[in-house]
Trainee: 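The structure that follows is given in the form of structure tokens.
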Number of protein chains: 2
Amino acid sequence: MHVSSKCDMRGLLSFQVLWLLSKRPMHGDEIAGEIGRRRGEKPKAGTIYPALKELKENRLIKGNRKGKTITYSLTADGRSELRKGIMYLCRSFGDIFSERYSAPKRRLR
Amino acid sequence: MHVSSKCDMRGLLSFQVLWLLSKRPMHGDEIAGEIGRRRGEKPKAGTIYPALKELKENRLIKGNRKGKTITYSLTADGRSELRKGIMYLCRSFGDIFSERYSAPKRRLR
DNA sequence: GTTCCAATATAGGACGACCTATATATTTAA
DNA sequence: TTAAATATATAGGTCGTCCTATATTGGAAC
């Protein structure tokens with residue numbers, strides 16, 4: 001297990017890749033690093049590259065090779081899917097975030 | 001596919017169950033209904049009951065049978081795992097939410 | 001008591017998200 | 001030129017999240 005041994009938190013990897021690429025074009029290892037900074041654990045090569053391959057085959061991202069690095073960016077389809085994903089995420093988990101960030105009730109100590 | 005044909009948004013079901021049960025005790029079908037209201041699609045019986053079984057076996061929730069319905073609530077371990085999950089979610093996806101909810105840049109139309 | 005429905009249960013299958021391990025290519029350093 | 005480091009690729013495996021389909025069980029209605 002990678003985050004918690006009891007409640008699995010896997011999921012949304014491809015979505016997160018789309019989100020990151022909407023900020024700026026990146027290559028694979030760079031994307032993995034950004035995910036690692038957020039999640040606490042950097043996904044391994046065997047995780048990130050198959051995900052990028054799938055996204056590329058689905059034409060949500062496109063790659064531009066220069067030497068040994070491939071810089072990825074979103075396609076129009078990718079931006080569209082990202083928008084849908086964001087709406088889904090906000091509908092599904094928005095209350096968790098708003099509860100945490102607005103009017104925080106701190107425990108006295 | 002259940003949400004988008006291209007970018008899979010599955011995941012975090014057990015986590016979402018913990019979150020909902022932290023609000024109030026509920027039985028299985030009720031939990032599925034709440035998830036459905038958020039996600040747009042109510043998970044089927046074959047999805048929700050195995051998830052509840054697993055959570056119970058891991059002692060994150062406990063069930064109280066009354067007739068044909070089982071009302072679930074969090075255990076202390078469940079509350080602890082929920083807290084960890086929330087932190088993970090905020091670290092991983094917090095920027096998506098804050099960008100959406102704070103200072104929205106609307107497109108002119 | 002039987003019929004019906006609601007709630008739960010479980011088998012079986014597909015697939016994305018994770019891993020380890022191994023391989024290959026390009027670039028850089030020695 | 002050779003070695004080491006970096007970036008990518010892929011095989012093979014586990015597991016949670018999804019489904020459909022098929023039970024079972026308890027309560028209510030007749």
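These numbers were taken from a predicted model, which means no experiment stands behind them. Naming: A, B, ... by sequence-line order, numbering from 1 per chain.
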Trainee: Less than 4.0 angstrom between a side-chain N/O of Arg39(A) and OP1 or OP2 of dC18(C), yes or no?
Mentor: yes
Trainee: Any side-chain N or O of Lys44(B) below 4.0 angstrom from OP1/OP2 of dC18(D)?
Mentor: no
Trainee: If you measure only the distance, is there a donor-acceptor pair under 3.5 Å linking the side chains of Gln16(A) and Arg38(A)?
Mentor: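 Looking only at side-chain atoms, Arg38(A) and Gln16(A) do not form any donor-acceptor pair under 3.5 Å.
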Trainee: Figure out the CZ/P separation between Arg10(A) and dA17(C), and round it to whole Å.
Mentor: 10 Å
Trainee: Under 3.5 Å, which donor-acceptor pairs link side chains of residues 66-73 of chain A to any protein atom two or more places apart or in another chain?
Mentor:
| residue | atom | partner | partner atom | Å |
| --- | --- | --- | --- | --- |
| Thr69(A) | OG1 | Lys66(A) | O | 3.4 |

Trainee: Check whether any side-chain N or O of Ser92(A) sits under 3.5 Å from a backbone N or O of Leu89(A) as a donor-acceptor pair, and report yes or no.
Mentor: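 A pair under 3.5 Å: no.
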Trainee: Salt bridge (Lys or Arg N to Asp or Glu O under 4.0 Å): which pairs involve residues 11-33 of chain A, sequence neighbours left out?
Mentor: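 Counting only pairs at least two positions apart or across chains, the salt bridge (Lys or Arg N to Asp or Glu O under 4.0 Å) contacts touching residues 11-33 of chain A are Lys23(A)-Glu99(B), Arg24(A)-Glu30(A), Arg24(A)-Glu34(A), Asp29(A)-Lys42(A).
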Trainee: Using a cut-off of 4.0 Å on non-hydrogen atoms, how would the nucleic acid contact of Gly46(B) be classed: base, sugar-phosphate, or nothing?
Mentor: base
Trainee: Students often get this wrong, so: under 4.0 angstrom with heavy atoms, is Ile70(A) touching a base, only sugar-phosphate, or nothing?
Mentor: sugar-phosphate
Trainee: By nearest nucleotide on DNA chain C, pick out whichever of Lys42(A) and Leu52(B) is the more 5' one.
Mentor: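 Nearest-nucleotide comparison on DNA chain C picks Leu52(B).
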Trainee: Could you check whether Gly11(B) gets within reach of a base, just the sugar-phosphate, or nothing at all, counting any heavy atom under 4.0 Å?
Mentor: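 Here Gly11(B) touches the backbone only, sparing every base.
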Trainee: Does Thr47(A) place a side-chain N or O at less than 4.0 Å from the phosphate oxygens OP1/OP2 of dC19(C)?
Mentor: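 Answer is yes, contact under 4.0 Å.
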Trainee: Would you mind telling me which of dA7(D), dT17(D), dA7(C) lies closest to the side-chain atoms of Lys68(B)?
Mentor: dA7(C)
Trainee: In whole angstrom, give the distance that lies between atom CD1 of Ile35(B) and atom C1' of dC19(D).
Mentor: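 In whole Å, dC19(D) C1' and Ile35(B) CD1 are 15 Å from each other.
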Trainee: Pick the nucleotide of DNA chain C nearest each of Lys66(A) and Ala51(A); which residue has the one closer to the 5' end?
Mentor: Ala51(A)
Trainee: Look at Tyr49(B) and dA9(C) and indicate whether a side-chain polar atom (N or O) is within less than 4.0 Å of OP1 or OP2.
Mentor: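 Indeed not, no polar side-chain atom of Tyr49(B) lies that close.
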Trainee: Compare side-chain N and O positions of Lys53(B) against OP1 and OP2 of dA9(C) and report whether any pair is under 4.0 Å apart.
Mentor: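 For dA9(C), neither OP1 nor OP2 has a side-chain N or O of Lys53(B) closer than 4.0 Å.
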Trainee: Would you mind classifying the nucleic acid contact of Thr69(A) as base, sugar-phosphate or nothing, using non-hydrogen atoms under 4.0 angstrom?
Mentor: sugar-phosphate
